[in-house]
Amino acid sequence: MASEDEINLLVIVVDVNPIWWGQQAQRDPQFTLSKCMDAVMVMGNAHMAMARTNKLAVIASHCQGSHFLYPSKSWSGEDGGGNDVSSSGDGKYELLSAANNLIVEEIRNIMSKIEVTGNSTDTLLAGSLAKALCYIHRLTKELEVGQEIKSRILVVKAAEDCALQYMNFMNVIFAAQKQNILIDACVLDSDSGLLQQACDITGGLYMKIPQKVALAQYLLWVFLPDSEQRSQLVLPPPAHVDYRAACFCHRNLIEIGYVCSVCLSIFCNFSPICTTCETAFKIQLPQIVKPKKKKLKQPM
Amino acid sequence: MDEEPERAKRWEGGYERTWEVLKEDESGSLKATVEEILYQSKRKRVIESHGQVRLGMMRHVYVVIDCSRSMEDQDLKPNRLTSTLKLMEVFVDEYFDQNPISQVGIITTKNKRAEKLTDLAGNPKKHITALKKAVDTVCVGEPSLYNSLNLAIQTLKHMPGHTSREILIILSSLTTCDPANIYELIKTLKSLKVRVSVIGLSAEVRVCTVLTRETGGSYHVILDESHFKELLMLHIKPPPASSSSECSLIRMGFPQHTIASVTDQDAKPSFSMSHLDSSSGPGLSLGGYLCPQCHATYTELPVECKVCGLTLVSAPHLARSFHHLFPLQAFVESPVENLQGDRFCQACQAELKDKSVSG
């Protein structure tokens, strides 16, 4: 049993890329963004109901930025907020209903107010993960003496990976590894190599859901137990992570490559100049062996 | 013989009123001023770090630990040797964390001789077991700088040109017993482009000053144990590469990780090549990393394939070293009164209470 003083913090990062969700609503009207948010709220409520000291935070990851859905700055605390917001009349635990109402209101604000400008349609996932890490760090510093906190991040991913965020993503992964923060990933559509690496390095769980409609089921079955309880459950086996590097010239995955010793960029073929740092390489010339002079046989 | 820089020794300077720096706060405690001083010195170090300088990312470092009689001195608790070995374990861990594609070797010197504790290797476990066993060694005799440097050079001179060759000496004795002229050896070190740094535990020794100045390393003498740790950690960051190091393309392999379970029909158990020389029983395993060239199995990366000589790494190892190449810019502090609007942190949703805000 967890001790009374241990706080379990779960940060859920939801991918709300409006372009992907718009296309998804046309493909399959049964599973839309509102159904996904319902499943996320069920997961959040379940987590908070598991123990009194459990904490929750929800971040929406958009292509224009990332926003905290819960707790948000307009909510001053558990006792503030006013009775009109939280009274639900059906005897539900006040904290859970307040959280649900807040999340619904914030996501409605975000989706209606933000317009997609510019050419980038990729979700800014690395930035949202960085904000999650900042929030966890702040809560860790605000602890009283004797309290411990264990945190994990759950990413619900919809759209595809963005290769431009590779460096930021790797930095976030190494930071989470240092702080012993698990990153779990629940992928709705296409496999994401970056999240597979994140889950492998930090020790979390990666799962691609076969049926999107059953999102709440998968979230509660696989991702609700925390790391201590996971050792006693039989969970889906770890995915095969492809750790091969992609070459900088063609973006193909290669098994054997050439690495520049100055800037560590990877190439699939030998080239005399590195394209990233423009250093000229020393080419190893094969040694020229002088042929030995043979004594000519004098004709008899 | 060689021109020494004009630098006044400490006793030649006038009196410094070092007590004026500290100021008490209203409750009479010095904690706030001490923390402020430490914080400012940390920030200065960060800001001073060079901008666009080529760094030596693949490093071969030999650490020479002095095991002479002066290491039994108890000014570092419990004695200098135990304290040094404990800090070395921390050093080895941090070093492989920040430089995953580099290698470290350890040499000890005592009784006028030098011997290798561990060979140059990229695996931290071997070094840590050797360091733990070395706590029982008897400290006797005098160290020999010449012999230890010679021993290190014999391996380092065969290393390829694009790697950086470094030697870090932890010297506690004030004497050294050398069989030949050490200044000749310093010339050899310079020609081989080896950078030697020294951390002194007792006092400044002139031959070390000359050694580090000629080879381009750094020489520090410790004040106490926390200063010792700080000086060791300074050597973890990759040093600026010397202008004569060659840049070349290094051929590396990126192996796939195969996980097979016993119920798979195709799964064949194989010996891991990395455990061939260890005596801990047969290392049969079902999965592992397969070298792309010769299909030898290894349990851990990074490693150099014993069969075909290919260096095997995984992409996150290279990504680990990127943050040295693209460092964060130093934050600029601005006072909180200049902020318009809500005093609110975008990232963690907390109110901004400090006097100055970095960004």
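Every chain is numbered from 1, with letters handed out A, B, ... down the list of sequences.
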B/F96 meets the ring pair (Phe, Tyr, Trp, His ring centres under 6.0 Å) criterion, sequence neighbours left out, with none
Interface moiety of A/I266 toward chain B, non-hydrogen atoms closer than 4.5 Å
side chain
Using non-hydrogen atoms and a 4.5 Å limit, figure out which bit of A/I201 sits close to chain B: side chain, backbone, both or neither.
side chain
A/Q197 versus chain B, heavy atoms under 4.5 Å apart: side chain, backbone, both or neither?
side chain
Student check: side-chain heavy atoms of B/Q293 and A/I256 closer than 4.5 Å
yes
Residue part contacting chain A, namely of B/L312, when any heavy atom lies under 4.5 Å
neither
Does A/K150 NZ have over 12 foreign heavy atoms under 6.0 Å away?
yes
CZ (A/F267) and CZ (B/R251) are apart, to the nearest 0.5 Å, by 16.0 Å
A quick test of your reading: do over 12 heavy atoms of other residues, nucleotides or ligands sit less than 6.0 Å from NZ of B/K229?
no
Side chain proximity check, A/E255 to B/F254, heavy atoms < 4.5 angstrom:
no
